[in-house]
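For reference, the structure discussed in these notes is given below.
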Amino acid sequence: MVYVLIIIFILLAVLEIPGLIHKKLWGELAAVLVFLTIGFTLSLPLVLGIKVPSPNNGIKYVITTIAQKIGR
Amino acid sequence: MFHKTGQILSRLIKQWSPNKPRPAADQNEPLSSSIQVNLNKISSVFANASDLVIRQLQIGTREQTEAFVVYLDGLVEKTIVNDNILEPLTLELRQAQANGGVSRKRVLALIKKQVLSVGQVKEATTVQAVIDAVLSGETVIVIDGSAVALVANTRGWETRGVQEPPTESVVRGPREGFTETLRTNTALLRRKIKNINLKLETMKIGKQTKTDVCIAYLKGIVNDKLVEEVKRRLAEIDTDSILESGYIEQFIEDAPYSFLPTVGNTEKPDIAAAKLLEGRIVILTDGTPFALTVPYLFMEAFQSSEDYYSRPFYSTIVRWIRFTAFFLSVFSPAIYVALTTFHPEMLPPALLISMAAAREGTPFPAIVEALGMGVIYEILREAGIRLPKPIGQAVSIVGALVIGESAVTAGLIGAPMVIVISITAIASFVVPAISDVTAVMRLILTVMAGIFGQYGIMMAVAGILTHMVSLRSLGVPYLSPLAPTNIPDLKDVLIRAPWWAMSTRPRVIGWHRPVRQKFHLKPEPPSDTNRDRT
Amino acid sequence: MLEDGRITDRQFMLLIIVSRLILSLTYLPALNSPPENQDVWIAGLLSFPVHLLLAVPAYLLAQRFKDRSIIQSAELILGKTGKIIGALYVWFFLHMTALTLRQLSCYLTSVPYPETPAPVFIIVTALFAALAVGYGVETICRTGEIMTPVVMFSIFVVIILIAKDMDLKALAPMLEKGIAPVLHGALTIAARTVEILFVTMLLPYLNQPGTAKKAMAWGIFFFIFFFTIITVSIITTFDVEQAINRTFPFFSTVRLISIGEFLERIDAVHLGIWILGLFIKISIYYYLTALGAAQLFNLQDYRPIVLPLGTIIVSLSVLQAENMVELREFTSYKVWTWYALFFITFLPLILLVVAVLRRREVQAR
Amino acid sequence: MKRQLIAIFIISVLFATSGCWNRRELNTLAIIMAIGIDKAPEDGKIKLTTQVLKPDEIKAPAATGGQGSPKGVWVLTSTGHTIFDAYRNATMQSDRKLYNSQTKVIVISEEMARAGVRPILDFFDRDHELRRLSWLLIAKGEAKDIIEAEHEQEKIPAQAIESLVTASGATSMAVTVNLHEFLKMLANKATDPFASRIEIIAEEETEKKAAKKPKPEESQQNGPRKRMRLTGAAVFKDDKLAGWLNRPETRGLNWILGKVKSGIIIVKSPKDENQYVALEIIRASSKIIPEIRDGQVTITVEVEEEGNLGEQMSDVDLTTPEYFDSLERRQATVIKNEIAAVLRKAQKEWGTDIFGFGDAIHRKFPREWKKLEKKWDTEFSQIEVKVKVISTLKRFGLHTAPAGTKRE
């Protein structure tokens with residue numbers, strides 16, 4: 001599965017990057033690289049089976065604590 | 001505006017005219033005043049052309065002038081050449097000279113104005129012009145001492161008469177169809193629309209074939225930008241040959257990668273005229289009875305000319321039958337596959353029991369059955385089309401027997417699958433204009449249904465739908481008037497409104513002058529007072 | 001210009017309807033929000049003014065900066081701090097996309113495809129949505145224009161077919177718990193309408209920006225209309241006790257349809273329409289994510305970042321929640337209402353106040 | 001171009017990864033038509049009897065002719081700790097996966113029902129395959145016998161049971177309760193549920209002897225042939241079976257609920273007390289009107305009925321105003337008696353509110369209900385129920401005097 005993931009990301013990079021370099025769209029290139037990196041770091045643990053804490057838990061925590069404080 | 005367009009057009013035509021890209025000097029050079037030089041040149045250009053006729057003659061009695069007439073045998077009307085060109089040149093000119101006498105210098109004007117009894121006579125000054133004229137079936141008269149040749153229109157070749165087109169036969173409505181001859185086709189259009197605003201601009205496309213292509217539009221109704229766009233696209237075609245309108249279609253269409261056609265075609269002048277009157281542009285190509293129409297919208301496939309000739313109620317029903325047939329033809333194998341392999345719970349109990357009974361003991365999964373039967377069906381269809389009619393029928397009978405009977409009795413496939421494929425096949429003939437589109441859609445949907453069931457179908461629909469709405473035909477959204485929704489235009493899509501209610505042209509196309517007729521044209525029967533009381 | 005498509009006010013309205021309505025056809029968390037009894041439909045009706053109230057800051061902000069999305073105008077108003085707010089919005093749209101995808105896959109793996117791994121649906125749907133996003137906002141809106149009437153029509157058909165099983169007595173007694181929980185319910189329903197933010201993002205692309213107010217109000221109105229008849233049909237067929245126990249209330253209702261032995265099991269049709277509607281919702285949020293990110297980074301084209309963003313969306317969607325219980329908990333009124341409210345009303349309000357104080361207007365353009 | 005590439009990529013990935021996740025060809029499914037639930041002899045286990053469709057037999061009805069009609073179904077029995085467990089255990093006997101979405105009938109044995117049905121029904125509502133539209137029946141005796149019983153007319157006995165239930169409107173002496181309605185009643189705080197009662201009646205020996213062509217194989221193998229019959233209703237107290245209603249009592253229940261569709265009311269002829277008159281019920285409706293006065297709850301049940309004179313066996317012309325009035329009164333009395341019978345049983349014997357009286361009070365008097373709710377179980381037996389029957393006769397058919405009467 002890890003290999004499939006890597007292949008997918010390489011494929012995406014190959015699809016996107018050459019065109020951007022050709023058109024000299026450096027901003028886009030940076031954005032693409034940043035997003036691909038984030039995507040890869042998020043999906044790699046998922047594929048490896050490592051638990052990643054959901055951002056929802058954090059949001060839930062913040063909201064419930066605020067709600068409790070207001071409720072008091 | 002139009003004047004400007006004309007200028008642009010003429011400039012464009014000049015650009016395409018084949019002598020420009022060709023640097024060969026000898027062809028562009030003017031005619032010589034020596035007849036011998038001209039004769040040599042022409043006969044050398046046409047070397048090995050066995051159908052070329054060069055008739056040398058001496059005209060006049062007192063001052064005999066050398067001249068020759070040149071034409072291509074088979075492309076000219078022989079009687080015209082004989083009676084109206086050769087005979088006057090040889091006989092009448094002699095008489096004219098006998099009466100008054102003509103100087104050598106004036107002989108050309110005399111011939112042009114008095115002698116030739118042919119409708120259209122032009123002058124040619126270059127060798128290339130002479131060659132082009134001869135190639136297109138005209139007769140060229142070259143006279144000694146004159147650097148100007150006369151070109152008489154004597155075109156006339158064996159043509160197919162105006163017949164009923166086999167692809168679009170009708171029960172009610174005109175039965176004439178376009179022919180392979182451009183001039184006949186333009187005449188057919190002219191006869192439908194007797195209006196000076198019907199513009200027919202001709203250009204030659206194809207370096208080798210030099211095919212005449214004619215852009216027809218109704219000035220004042222058509223969107224001028226569209227005309228310019230069509231001309232621009234045609235001007236960009238730089239190819240060897242245009243043998244059929246399909247060549248042009250593929251050069252000018254908006255979405256070459258799409259399986260959906262963005263250029264329409266028709267074989268019937270009444271349909272072409274109707275499209276013109278809606279503000280569309282018709283492209284006629286010499287050598288084929290198929291005329292292209294742009295812009296082409298998806299919904300046009302569901303409109304048939306007969307809808308407009310018969311009364312609106314049944315036309316509306318028929319239109320919905322076509323929609324139904326389209327959906328059946330696209331969806332039924334996919335739905336069958338999805339239901340039998342993924343969602344049996346969604347079948348009504350009685351149906352499930354009989355389906356299960358039919359599927360019992362068949363060796364292949366439903367998706368294989370569906371795809372296999374689809375392929376076999378396409379093979380049968382293709383075999384039937386290309387063969388002569390009697391053999392074609394035999395093929396379909398054998399096919400029907402083999403597939404319908406034997407395969408089921410042998411237990412190779414389930415009977416429901418045969419029914420599904422038959423429904424699919426028949427339904428796809430209801431909307432013949434896009435039967436190729438339905439085949440592609442069906443394939444996509446069936447494969448997706450085989451992988452994911454209902455979800456796969458819906459995803460495929462989503463993909464196809466987004467693709468369809470993203471398409472444009474010459475800037476007109478392909479799925480209009482559905483999306484973007486144009487409610488007045490739905491009167492000719494979801495229903496077929498009576499003619500008196502169709503007061504506006506399709507707005508996406510004919511926005512330029514939307515009103516087609518007076519409002520309130522609904523016929524009112526005479527009131528009681530006027531009625532004849534007996 | 002990042003996007004040169006133009007959308008009509010009708011498309012805008014239908015987009016709001018389908019995007020807000022479509023998840024109510026499955027999850028309908030309103031049944032588990034206060035008042036938690038047969039008065040939910042009254043809460044739905046009462047939510048109309050609440051909706052409008054919540055939409056005011058976003059709408060005024062969008063009107064003030066007609067040519068800018070909220071991400072661009074935040075930057076204009078607050079400078080560098082505005083970037084952070086812009087980033088928050090991009091995150092929110094990203095989160096919405098991921099969450100919606102997750103909800104789609106959760107339903108699909110609960111009912112028709114229990115054995116298929118959920119990420120498959122997430123990935124496939126995201127890929128097809130990426131296709132639509134690549135085509136641009138015009139295409140998404142036009143697809144919505146075709147699909148939304150179908151969705152609305154299908155709801156009507158379902159209501160008509162289920163009518164014989166409905167028992168209107170189940171709606172009595174009205175206002176059993178008094179008006180306060182009903183108003184709370186109205187707030188939770190209104191706070192789920194993240195579609196209010198469409199006006200801040202899509203107003204620059206409306207071909208008649210002046211009609212946005214009307215289109216939005218009508219969109220919300222139609223949503224509430226359908227929401228009400230959906231909740232009424234669920235409550236009257238199941239009774240309150242059973243209705244609030246349903247995981248997928250409206251689907252359970254559709255599954256009950258049985259007319260004369262042959263017109264039954266039409267949930268396949270409904271499922272199909274639901275998937276298409278949800279596809280539009282996912283596409284538009286995906287599009288807003290891509291557009292917002294492109295605006296945040298001042299890119300010239302959002303298309304190159306669609307697929308890279310997709311990888312984030314897919315993985316975020318997968319790690320959204322461990323299981324369905326967590327997902328339900330997060331989308332319940334206790335959490336989601338305040339989270340959404342923060343973005344729908346609170347942030348636009350702050351931006352608006354600052355903009356008014358600093359007198360930043362369209363002059364910058 | 002890029003898009004095309006991506007599309008090709010997607011499709012190839014799909015092809016590669018699409019195992020057979022949810023693939024199930026129709027010929028790999030064992031389609032269940034009916035389920036019977038019994039207590040297993042082992043302690044605490046459940047015995048599940050399923051009626052599975054045999055598509056092959058349905059397919060070729062005439063092919064196997066000569067050996068009598070082949071059975072269209074196959075009956076499988078398995079046990080398990082829960083229903084789901086028992087299902088999966090059944091798969092060990094069947095080569096195909098048991099498939100639940102077409103289940104038309106769920107039969108629960110008396111023993112099981114007395115122990116409580118809530119634990120059993122959870123699976124049927126939770127599982128996505130089953131719909132809440134299956135008919136729920138309580139067997140007097142073993143559910144297995146019902147599932148195994150054959151039917152002469154239908155190849156699939158489950159379809160026969162379904163037809164029995166749906167056709168019961170002709171007498172209105174049975175209730176038609178599907179899972180959905182049952183669960184609705186079960187979930188309601190005030191209302192207690194009821195369900196159809198089904199039992200096996202053995203075909204009488206004499207009847208069998210009288211048959212001219214005995215079918216040797218079947219009669220020898222199976223012993224006396226079994227038939228199923230709907231015989232009233234099963235009444236629950238919460239989720240536990242409290243008792244049975246016989247057929248007239250069931251119609252009494254239907255009168256109160258306004259669910260009487262059709263049926264025959266037998267009264268004695270007003271002229272000749274030894275002869276019967278059959279009155280056909282054309283339509284009926286009911287209203288439950290709760291009233292609370294000084295904390296005292298009264299329920300008024302208003303039944304409106306309209307009937308026709310369908311048959312009479314006495315030899316007088318009953319189509320006179322006097323006789324007709326008297327017939328109407330007798331009709332009303334029969335209805336009242338039926339209602340009174342069921343009310344007595346429900347209120348006094350079992351104390352189960354199967355009529356939805358509590359619900360009616362809840363809807364009309366939500367404030368008072370809050371106090372009443374907790375003690376409703378005891379309160380229900382105490383409340384006064386007034387029955388008002390407005391019963392009319394409208395038509396008398398195609399002739400007036402009895403058939404073949406000589407004119408004097």
Side-chain angles (χ1 to χ4, degrees), chain B residues 255 258 298-299 327 331 334-353 444-445 448-449 451-472 475-487 490 493-494 507-508, chain C residues 5-8 10-11 14 104-105 107-109 111-113 115-116 120-121 124-125 127-136 138-150 207 255 258 260-280 282-283:
Chain B
S258 174
F298 185 67
M299 283 302 148
F327 280 105
F331 282 94
I335 287 177
Y336 177 78
V337 169
L339 284 182
T340 51
T341 52
F342 285 92
H343 316 285
E345 73 268 17
M346 289 170 185
L347 283 168
L351 195 60
L352 177 76
I353 292 169
I444 297 174
L445 285 169
M448 286 296 277
I451 301 173
F452 281 122
Q454 168 94 28
Y455 167 79
I457 297 180
M458 273 10 249
M459 277 297 118
V461 168
I464 291 172
L465 203 60
T466 44
H467 176 66
M468 279 171 87
V469 293
S470 75
L471 287 184
R472 282 165 178 279
V476 180
Y478 189 54
L479 224 52
S480 63
L482 284 185
T485 312
N486 190 332
I487 288 168
L490 292 177
V493 173
L494 299 183
R507 284 178 197 210
V508 276
Chain C
R6 281 286 172 276
I7 55 181
T8 64
R10 191 197 284 116
Q11 288 167 347
L14 292 174
L104 171 98
S105 79
Y107 175 72
L108 288 176
T109 47
V111 182
Y113 304 93
E115 285 132 51
T116 313
V120 172
F121 294 114
V124 173
T125 316
L127 275 170
F128 275 92
L131 190 77
V133 173
Y135 282 133
E138 246 180 21
T139 295
I140 298 171
C141 286
R142 282 182 194 162
T143 316
E145 201 173 13
I146 293 180
M147 281 320 298
T148 316
V150 179
N207 59 3
R255 284 161 73 97
S258 169
E261 290 281 306
F262 65 95
L263 200 60
E264 54 178 29
R265 296 164 193 269
I266 60 166
D267 39 334
V269 181
H270 198 73
L271 169 71
I273 290 164
W274 180 77
I275 292 172
L276 270 185
L278 206 53
F279 172 79
I280 293 161
I282 291 164
S283 306

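In the text below, chain A, chain B and the rest are named by the order of the sequence lines, each starting its count at 1.
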query = Of the backbone (N, CA, C, O) and the side chain (C-beta and beyond), which part of C:Thr125 lies under 4.5 Å from a heavy atom of chain B, both, or neither?
reply = both
task = Identify which of C:Leu276, C:Thr8, C:Ile273 forms the greatest number of heavy-atom pairs closer than 4.5 Å to chain B.
result = C:Leu276
request  = Could you check whether the rings of C:Trp274 and C:Tyr107 sit parallel, tilted or perpendicular, using 30° and 60° as the cut-offs?
outcome  = perpendicular
task = Would you name the heavy atoms of B:Pro349 and C:Glu264 that are closest together and state the gap between them?
result = CD-OE2, 3.1 Å
request  = Heavy-atom distances under 4.5 Å only: say whether C:Thr143 touches chain B with side chain, backbone, both or neither.
outcome  = both
query = Under a 4.5 Å heavy-atom cut-off, does chain C meet the side chain of B:Leu479, its backbone, both or neither?
reply = side chain
note = If you tally heavy-atom pairs under 4.5 Å between each of B:Pro348, B:Ser470, B:Ala338 and chain C, the highest tally belongs to B:Ser470
query = Using the ring of each side chain (for Trp, its six-membered ring), is B:Phe452 parallel, tilted or perpendicular to B:Tyr455, with breaks at 30° and 60°?
reply = perpendicular
task = Check whether any side-chain N or O of B:His343 sits under 3.5 Å from a backbone N or O of C:Ala268 as a donor-acceptor pair, and report yes or no.
result = no
When B:Thr485, B:Leu482, B:Leu465 are compared by non-hydrogen pairs under 4.5 Å with chain C, the top option = B:Thr485
request  = Examine distances only and state if a side-chain atom of C:Gln11 and a backbone atom of B:Pro484 form a donor-acceptor pair shorter than 3.5 Å.
outcome  = no
